[in-house]
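Nothing fancy with the numbering, it's 1 onward along the sequence.
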Amino acid sequence: MRYITYLVIGIFFGIIMFKSEAASWFRIYEMFQFGNFHMYGIIGSALVLGIIGIQIIKRKNIKPIDGSKMSLNSKEKSVTRYLIGGIIFGLGWALAGACPGPMYVLAGAGYLSIIIVIFGALAGTFLYGLVKDKLPH
C-alpha cells in the first residue's frame, strides 16, 4: 500500500511540474539565460517552503509515521565538494535541458528522446557509485 501512495504522490508531483512548465526545456533555457523569473520563482518558493517545513518539524518535534525520533543531521561543511558537484550537476542540467525530476516527467509526457538522458544519468550515478570511495570527499 505504501508504494501505491508514493506512486500517487509522484504522479501528482509530475502533473504539477508539467502544468507549471517546470519541465519545459524552453523555461529551463530561459532560466540559464537569465531571461525570465519563472523558474527562479518555482525554485525559490520550493526552497522557502522547505525551510519552513524543516523549522516546523524541529520546533514541534514531529515524529515520522513509525513513531521513531526524527533525524535531521547537518551536512558536512565543504566548499569544494559542493562547488564541483554543483558545476557537474548544472552542466548536465544545461546540456540535457532537464534535471532528474523533470526527466521522468518528460518521459511520462511522451517525449521519448529523454530516455537517452535518463540512461546517461543512471549510468553516471552507477559510475559514481563505483568510484566514490576513491574520490576526495
To the nearest 0.5 Å, what is the distance between [atom1] on [X] and [atom2] on [Y]?
X	Y	atom1	atom2	value
Glu21	Ile28	CD	CD1	11.0 Å
Leu112	Leu106	CG	CG	11.0 Å
Arg59	Ile56	CZ	CD1	9.5 Å
Ile52	Leu47	CD1	CG	10.0 Å
Ser24	Lys19	OG	NZ	13.0 Å

**Prompt:** Do the non-hydrogen side-chain atoms of Ile88 and Ile84 ever get within less than 4.5 Å of each other?
**Reply:**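 In contact.
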**Request:** Report yes if the side chains of Arg27 and Ile42 come closer than 4.5 Å at any heavy-atom pair, otherwise no.
**Result:**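 Contact flag for Arg27/Ile42 side chains = no.
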Which heavy atom of [X] sits nearest a heavy atom of [Y], and at what distance?
X	Y	value
Ala109	Phe18	CB-CE1, 3.6 Å
Pro102	Ala22	CG-O, 3.9 Å
Ala23	Val105	CB-CG1, 3.9 Å

Shared ILVMFWY cluster between [X] and [Y], side chains joined below 4.5 angstrom?
X	Y	result
Ile118	Phe126	no
Leu83	Leu91	yes
Met103	Leu122	yes
Ile114	Tyr29	no
Ile11	Phe13	no

**Prompt:** Can you check whether Ser20's main-chain N or O pairs, donor with acceptor, with His38's side chain at less than 3.5 Å?
**Reply:**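 Between the backbone of Ser20 and the side chain of His38 there is a qualifying donor-acceptor contact (under 3.5 Å).
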Step through the shown structure and confirm whether more than 12 heavy atoms of other residues, nucleotides or ligands are within 6.0 Å of [atom1] on [X].
X	atom1	value
Leu49	CG	yes
Phe89	CZ	yes
Tyr82	OH	yes

**Message:** Using 30° and 60° as the class boundaries, would you call the ring planes of Phe37 and Tyr40 parallel, tilted or perpendicular?
**Reply:**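 Geometry flag for Tyr40 against Phe37: tilted rings.
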